[in-house]
Amino acid sequence: MQLPEHGANPSHVYDRLGVTPPARITDFSENCNPAGPPRAVLELWPELISRLNAYPDPSGEPFLSKVADYHGVAPSSVIAGNGAAELLSLIAERYRGKRALVVHPTFSEYEATLRAKGVEVVRLIASEEEGFKLPVEAILEALPSADVLYLCTPNNPTGIMPERVDLAAILKKAGEAGCEVVLDEAFVDFIDESKSFIPELRDFPHVLIVRSMTKMYAIPGIRLGYAVAHPVVIAEMKAQAPHWNVNGMAAAIGAVCLEQEAYRNAAIRHAREEREKMTAFLKQHGCTVTDSETNFLAFKPEDAGKLYKDMLARGIVLRHSENFHGMDGRWLRIGMKSVVEMEELRAELADWFEQEAVNGKE
Ligand SMILES: Cc1ncc(COP(=O)(O)O)c(C=O)c1O
């Protein structure tokens, strides 16, 4: 039985397992901001209808210029995309017939998009025993033989943000070795913009940064993301992108989202508070928990497979780790949801841990 490759779409999990979903399901397998889209987006909604009969701006305006302002970079350093997913596919095209280093466990789309473009993928695995910390030495050693290195910062599914000094050392060595680096910052918004590498791109023309609007602004259905890199790289990507790849509604929504500073700060605070509560709870119940800095965490219970299935029966969908190399089903991931939903999750988990302890003694 093959479980879905991604979180979200919980009905697929029930279908694949042949389990009838309970009447109420809470999906902790997806990682979007539980606050829902910003109010300003909902207020804009009626006006968007008037844009249905017009072609969008081909470069994704007004979103593109807003992104450039937000990061203090030139618009020529930015490409807008139909979700970060489209940008990852465009980026993979750069490396057709070449060799990529991917550090696992990580987001499965890096390998999927690279393999689809005939890129040879070399895997490095961060060790579970060392808390999935970035294997810096192994990366430095492997860089000269690769054309590109993919890093997810902070990493999905661990939530770990690499140390700045390690990242800087890797990027410097990559530059010397002629290896490009793709940094996927899809979840950096939940830590703090100051953790982004975008301000340092000027010194690193071989680095491409991918950002998603999906997670922070809770707009997965709209499909919007962007990449920031050297203008030459961006021009090459634009040449590969379909014309009008960002729809007009998405471009208008994205521009409004970037103005929402108070909304972002509330989301950062919420993610931190809920992650800390959940981490303490899981450790108290004997689980190992990743040192996440973002809006999800991964944890290792004694029997992840059983916990996963038992929670599904209770209407709770966690993210399995069957397709995360280096985790191989032993870990589960939880996305932080509302205060009430997190409390409900802890209550269900506490009940499960208690029952397991009783069963173990019988
Ligand atoms: C690390 C990471 N990068 C990129 C994406 C794709 O995001 P988008 O919805 O913008 O396509 C995801 C989606 O789950 C993700 O987890």
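As the structure lists them, so they are numbered: ligands from 1, and atoms in each ligand from 1. Positions are given from 1 along the sequence.
- Judged as a salt bridge (charged side-chain N to carboxylate O under 4.0 Å, His left out), and not counting sequence neighbours, Arg202 has no contacts.
- Using a 4.5 Å heavy-atom cutoff, the side chains of Ile253 and Leu224 are not in contact.
- No more than 12 heavy atoms of other residues, nucleotides or ligands lie within 6.0 Å of CZ in Arg39, so this atom counts as exposed by the packing criterion.
- Using a 4.0 angstrom heavy-atom cutoff, Gly225 does not count as in contact with ligand 1.
- The proximity of Ala186 to ligand 1, defined as any non-hydrogen pair under 4.0 Å, is limited to the side chain.
- Considering backbone and side-chain N/O of Phe107, none are found under 3.5 Å from N/O of ligand 1.
- Side-chain atoms of Tyr95 and Glu180 include a donor-acceptor pair closer than 3.5 Å.
- For the residue pair Thr26 and Glu341, no side-chain donor N or O sits within less than 3.5 Å of a side-chain acceptor on the partner.
- If you check the side chains of His325 and Glu111, you find no donor sitting under 3.5 Å from an acceptor.
- At under 3.5 Å, a nitrogen or oxygen of Ala85, whether backbone or side chain, sits near a nitrogen or oxygen of ligand 1.
- The atoms of ligand 1 that sit less than 4.0 Å from any heavy atom of Gly83 are 10 (O), 11 (O).
- Each of the following atoms of ligand 1 lies closer than 4.0 Å to a heavy atom of Phe187: 1 (C), 15 (C), 16 (O).
- The distance from ligand 1 to the heavy atoms of Arg223 drops below 4.0 Å at these ligand atoms: 8 (P), 9 (O), 11 (O).
- Not a single heavy atom of Glu86 sits closer than 4.0 Å to an atom of ligand 1.
- Annotation: Tyr110 places no N or O atom under 3.5 Å from an N or O atom of ligand 1; distance criterion only.
- Contacts with ligand 1 closer than 4.0 Å are made by no heavy atom of Met213, backbone or side chain.
- Only the side chain of Cys152 comes within 4.0 Å of ligand 1, counting heavy atoms alone; its backbone N, CA, C and O stay farther away.
- Near Thr214, the atoms of ligand 1 lying under 4.0 angstrom from a non-hydrogen atom of the residue are 8 (P), 9 (O), 10 (O).
- Here the shortest heavy-atom distance to atom 16 (O) of ligand 1, taken over Leu88, Asn156, Asn155, belongs to Asn156.
- With Asp184 contributing its side chain and Tyr150 its backbone, the two residues share no donor-acceptor pair below 3.5 Å.
- Looking at Arg24, Lys337, Arg314 one by one, the single match for salt bridge (charged side-chain N to carboxylate O under 4.0 Å, His left out) with Glu344 turns out to be Arg24.
- Not a single heavy atom of Glu109 sits closer than 4.0 Å to an atom of ligand 1.
- Using modelled atom types and a 3.5 Å distance limit, the side chains of Ser65 and Glu61 yield a donor-acceptor pair.
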